[in-house]
Amino acid sequence: MSNTSLDNKYSSSFVEGKWYKHWIEKNYFHADSNSKKEPYTIVIPPPNVTGMLTVGHVLNNTIQDILIRKARMEGKEACWIPGTDHASIATETKVIKMLEEQGIDKNTLSREEFLDHAWQWKEKYGGIIIQQLKKLGCSCDWERERFTMDEGYSTAVLEGFVKLYEKGLIYKGHRLVNWCPVSKSAISDEEVIHKEVDGHLWYFRYPIKDEKEHLIVATTRPETMLGDSAVAVNPNDDRYSKHIGKKIILPLVGREIPIISDDYVDPEFGTGCVKITPAHDPNDFLIGEKHNLEFINIMNEDGSISCTAPSKYMNKDRFIARKAIVKDLDKLNLLHKIENYKNKVGYSERGNVPIEFYMSEQWFMKMTDLAKPAIKAVESGEIKFHPNHWVKTYNHWMANIKDWCISRQLTWGHQIPVWYHKNDKSKIHVSVNGPEDIENWDQEKDVLDTWASSWIWPLGVHNWPHASKDIEKFYPTNTLVTGPDIIFFWVARMIMTGYEFLDDKPFTDVYFTSILRDEAGKKLSKSLGNSPDPFDLFEEYGTDAVRFGIMLMAPQGLDVLFAKDRLEIGRNFMNKLWNACRFVDMNAPENWEKHEHLDYEFELADKWILNKLNDAIKNYNSQLKRFYFNEAAKVLYDFVWSDFCDWYIEIAKTRFYSEDIERKAMTYDVCLRCIRIILPLMHPYTPFITEELWAYFKEQDQSDLIIASWPKDDIQTYDDVGDDMEVIQELVTSIRAMRSRVNIPPSKNVKLIIKCNEDKRSLISQNDELLISLAKLDSYEYSESKDKISESATSVVRGVELYIPLKGLVDLEKEKMQLTKRKIKIEDLLKGIDRKLSNENFINNAPEKIIKGEKEKELSLKDELIKINSNISMLS
RNA sequence: GGGCGUUUAGCUCAGCUGGUCAGAGCGCUGCCCUUACAAGGCAGAUGUCGGGAGUUCGAAUCUCUCAACGCUCACCA
């Protein structure tokens, strides 16, 4: 045995840093738009610039890295464009908080001053997640890194706005929008999260003017009564029809409001009377417009009660005002009752407080026309979703799409490219660069919703609309990898921009990743504090192990219950691979020239493992092709561990420890062949360890693994093997089981007696070395005798009867039990087969192959049964 | 209420187009520090594949239905 220079432990942190640096130095990640190679492009879903790497990012970006590395090895011009998203609300919140800590109030700053602070903040902290992606091993083209507020990208965003405005798809309107009182900004429907809360239904008496009677209205939000401008009943509701047209004196406020009728009111619900607050409820808004009611906004932008309400409640927070109003109505004996009531309340995703419906002037985008080509693209299969079932969700949203509120009352973001003339507010200018006499104009203060910036990502990264080789070469992209939680936010809208601006899809395949949850099923998130820090995991297990472990546990289309213990499988596998390679390296022939020969007279085991290797390549590729990353990982895992290590290497040992130099060289070359294929196959999943090992095993003049060529699945295979190897494996396992039953230690070799037919005898004799070494035999002999072989451990496998004679050491009852158990099993199976074979329909309809198989199975089981029975009787 | 998904060994889950004695990892039991690996090896136990019906010669796999759980969308005060 020669020495190996491979350490007996794999040191992940050293290796990872070394190779990442090397890859960067060699510029392997860079994609060339002048290349003649077929492009393969991915744009990263840009993480939030304020963000830190989560385990979810690890999954998502590992998948992208797998796709890109594979494409690169397949000889494509692999281009993975990285970058970050400016995340208006999140970033602005952080900057404001930082300023507060420095004693600076945002309101005292000019727009320019605030942006100055924000950019400083971004320069200081914005790069963290990018550094983290590098640590993960991502082979992004860092020369193409983009930020959504970069110059060229910003132009693309504004160009998009202007084009849509000119087309009449963007308009300004005074409307009810979702309002976040924390960020004091409008938010889109998608940023509202509905939560079921235990609330109340309050019943109030509303006195009818000039009458003793009153109507009882129910509400979940008492404070909005300050803005009531009508009470509505159903026109067909006999209880109230006589009151229609009369007036209500609104309690606490004193305003006279009409009693109106509308079909919208459900007589069955509550009392059948509904208070109408057009400025604070979307349904009431519609009724307000229909019946020409007053729109009374009773709130300030922070959610406190405004001056339109009685002074008593002015400037009180909405929830404090609620309590006060209920109390005051109770004092006036106008509180009828309070019921417990579960209802859905919309919360602001970022502010995490109940949103308000708020009247304000905002910019909207008409979506119906934009959606049309996007729906068609998915319907026709031009864009494919994996898993496909997301298509339904996508279609449902698209079919019911509403206008999108795209303006935000924030500072950090893309300022809307609209100017109002200082002297005549009705004069509007819309362009990317603004009017020539810009001093006479005021620019719109609002910025665009972040998603209205990042929806143009696949184009914007190339500075669209400027023509370039880049956009020609790398648009459309191939695959988008993202979480299903942003299917509307982002995926759907990117598809719209693709068709709208370039008349072409932005990507062909969309892979929706698993959502990672903790053991209680909660989504892993920073805010819940249940997401482990990936860096702790990298340190504990090694980055490759984390990558492989996560890929193995994330099936397509299902969420994953993540527990860090489950990464052990990855770590153990890295260790296994490392040590297998180390073993092979130890047995390299003297003066080996790193050149692989395969022109040997192979034996059974060699042909078998090479066949298995080819199967593995095929299966692996086909799983990757359908985006089943976990199954692909499993193919490699099983081949390496169960076939290569458990069997072939064990077999290799006996050869390496012999003196037969030719045979040693053959074995080594077969091992080498396996390793030289396993390493490239595994490289996309576990780039570091494989690149490190490759350095030991590659041909002298071969390239680094990252750009080595992808293994072909047409390596030479051997048809004459049949299931001979499986027979040997079963014999070995069976002998080991016998040994285990009678407690023979592994160190002790035993004698074996075999009874079998000629075929099996010839197979065994030709491969007896395998049996002897793997089952630890002292010797073996064939027996023709019909006599009973007494005091033996026995078993029957594939028609071969095996005996290990052991005077006095055998527990006969144990042996008998073992055989009886098998006997029962066989009888069961035979019953099943008999049922099939005696069924005319089966014989007539089943394919010939299946019938033949059943018949053969019956024969061999019957044969086994006879032998088992005779062995049982011998033991008695 | 609509849509989607899940239900397979004690736990976490694989099982592609229906047909080899239903698999893996962890955990558990027994034996091994056998010179690649104890992050390891060998052997072993545990499942009427959620319930019911149907299609089929044949169903964990296809259809229907019921149940439980989860996600998501939705304007009932």
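As the structure is a computational prediction, the values presented were derived from the model and not from experiment.
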**Study point:** Pair of N/O donor and acceptor under 3.5 Å linking B:C4 base with A:K392 side chain
**Key:** no
**Study point:** Check: A:R822 side chain, B:C21 base, donor-acceptor under 3.5 Å
**Key:** yes
Check your understanding: Checking only heavy atoms, does the side chain of A:Q556 share a donor-acceptor pair with the base of B:A14 at less than 3.5 Å?
Key -> no
Review point. Checking all strands, does A:R571 fall into the base, sugar-phosphate, or nothing category for heavy-atom contacts under 4.0 angstrom?
Key: base
Practice item. Kindly say if A:K576 contacts the phosphate of B:G41, meaning a side-chain N or O under 4.0 Å from OP1 or OP2. Key: yes
Review point. Does OP1 or OP2 of B:A77 have a side-chain N or O of A:Y341 closer than 4.0 Å?
Key: yes
Review point. Is a side-chain donor-acceptor pair under 3.5 Å present for A:E190 with A:W490?
Key: no
Exercise for review: Give the nucleotide from the list B:A43, B:C21, B:A77 with an atom nearest to the side chain of A:T733.
Suggested key: B:A43
**Study point:** Residue A:H389, side-chain atoms from C-beta onward, closest of B:C4, B:A14, B:C37
**Key:** B:C4
Check your understanding: Looking only at heavy atoms, which two atoms of A:V584 and A:Y668 are closest? And how far apart?
Key -> O-CE1, 3.3 Å
Study note, to complete from the structure: pair_partner(B:G44), Watson-Crick or wobble, both distances < 3.5 Å, evaluates to B:C28
Review point. OP1, OP2 of B:A36 versus side-chain N and O of A:K653: anything below 4.0 Å?
Key: yes
Point to revise | Shortest side-chain distance from A:P847, nucleotide among B:A77, B:A74, B:G19 | key: B:G19
Point to revise | Shortest side-chain distance from A:E650, nucleotide among B:A24, B:A36, B:A77 | key: B:A36
Revision key, fill the gap. For A:N234 and A:V265, the nearest pair of non-hydrogen atoms, with its separation, is ND2-O, 2.8 Å
Exercise for review: Please check if the side chain of A:R221 supplies one atom and the backbone of A:R322 the other of a donor-acceptor pair under 3.5 Å.
Suggested key: no
Exercise for review: Using the P atom on both, measure B:C4 against B:C66 and round to a whole Å.
Suggested key: 14 Å
Practice item. Look at the side chain of A:N841 and the base of B:C57, then say whether one donor and one acceptor between them are separated by less than 3.5 Å. Key: no
Review point. Contact class for A:I850 (heavy atom, under 4.0 Å): base, sugar-phosphate, or nothing?
Key: base
Practice item. Report which part of the nucleic acid A:K825 touches: base, sugar-phosphate, or nothing (heavy-atom distance under 4.0 Å, all strands). Key: base
Review point. Taking the side chain of A:I649 as its heavy atoms from C-beta onward, which of B:C57, B:A36, B:G44 lies nearest to it?
Key: B:A36
Check your understanding: Would the A:F357 and A:F285 ring centres measure less than 6.0 Å apart?
Key -> no
